[in-house]
Amino acid sequence: MVTLLIGKKGSGKTKKLIQLANEAVAASQGNVVVVEKGAKLTYDITSKARLIDTDQYQIKGYDMLFGFLSGICAGNYDVTDVLIDSTFKICPEAVGGLDGFTKKLQDLSENSNADFVVLISAAEEDIPSDLNVVCEKM
């Protein structure tokens, strides 16, 4: 399943991601991965989750991010949850590439049995209404 957490900057999306990541670690029988731009969540996310800084791997754009996420799932079949913070900072295409990315992510989720939570810093009305994913407003 793919879930988008949508809200403007300062609406509490990252706090919600931290909560979801820590809850996922407690409930998961596998591995939880948190992808972020910069290492700002190091002390907020339990050390039992795998925290990955996209800057270390020079990830920029939806295609690179999707390839990276696919590699994570391919390299470890025990990944149950992947949470992505600062999506538009990682992917400067912003809303323009979101539809294609979420479609590929939905396929990856079904093939790998991993759930994805993607934080989107935008107003709800800026997000295409025909995305085939769960959208949660902040």
In Å and rounded to the nearest 0.5 Å, what is the [atom1] to [atom2] distance from [X] to [Y]?
{"X": "Thr102", "Y": "Leu108", "atom1": "OG1", "atom2": "CG", "answer": "12.5 Å"}
{"X": "Phe101", "Y": "Leu69", "atom1": "CZ", "atom2": "CG", "answer": "5.5 Å"}
{"X": "Thr87", "Y": "Leu4", "atom1": "OG1", "atom2": "CG", "answer": "8.0 Å"}
{"X": "Asn76", "Y": "Asn31", "atom1": "CG", "atom2": "CG", "answer": "4.5 Å"}
{"X": "Ile45", "Y": "Leu17", "atom1": "CD1", "atom2": "CG", "answer": "5.5 Å"}

Review point. Taking the side chain from Thr80 and the backbone from Ala114, do they hold a donor-acceptor pair closer than 3.5 Å?
Key: no

Exercise for review: Please confirm whether the backbone N or O of Ile90 pairs with a side-chain atom of Tyr62, one donor and one acceptor, at under 3.5 Å?
Suggested key: no

Residue list, ring pair (Phe, Tyr, Trp, His ring centres under 6.0 Å) with [X], at least two apart or on another chain:
{"X": "Tyr77", "value": "none"}
{"X": "Phe66", "value": "none"}
{"X": "Phe88", "value": "none"}

Practice item. Only counting residues at least two apart or in another chain, list the ones meeting side chain to side chain donor-acceptor pair (under 3.5 Å) with Gln19. Key: Glu23

Practice item. Please identify each residue that fulfils side chain to side chain donor-acceptor pair (under 3.5 Å) with Ser112, with sequence neighbours left out. Key: none

Practice item. Kindly write out the residues that satisfy salt bridge (charged side-chain N to carboxylate O under 4.0 Å, His left out) with Asp99, not counting sequence neighbours, or none if the list is empty. Key: Lys103

Going by atom type alone, with no hydrogens or angles, which donor-acceptor pairs under 3.5 Å involve a side-chain atom of residues 115-128 and a protein atom two or more places apart or on another chain?
residue : atom : partner : partner atom : Å
Asp115  : OD1  : Met1    : N            : 3.1
Ser121  : OG   : Lys13   : NZ           : 3.4

Review point. Is any side-chain heavy atom of Leu51 closer than 4.5 Å to a side-chain heavy atom of Glu36?
Key: yes

Practice item. Kindly indicate whether the side chain of Ile52, heavy atoms from C-beta on, has any atom under 4.5 Å from the side chain of Ile72. Key: yes

Check your understanding: Taking only residues two or more places apart in sequence or in another chain, which ones pass side chain to side chain contact (heavy atoms under 4.5 Å, CB included) with Asp55?
Key -> Lys37, Asp53

Point to revise | side chain to side chain donor-acceptor pair (under 3.5 Å): pairs with one or both residues in residues 38-47, sequence neighbours excluded | key: Lys40-Asp85, Lys40-Ser86

Study note, to complete from the structure: Quick note, salt bridge (Lys or Arg N to Asp or Glu O under 4.0 Å) partners involving residues 58-78, not counting sequence neighbours, are Asp63-Lys104

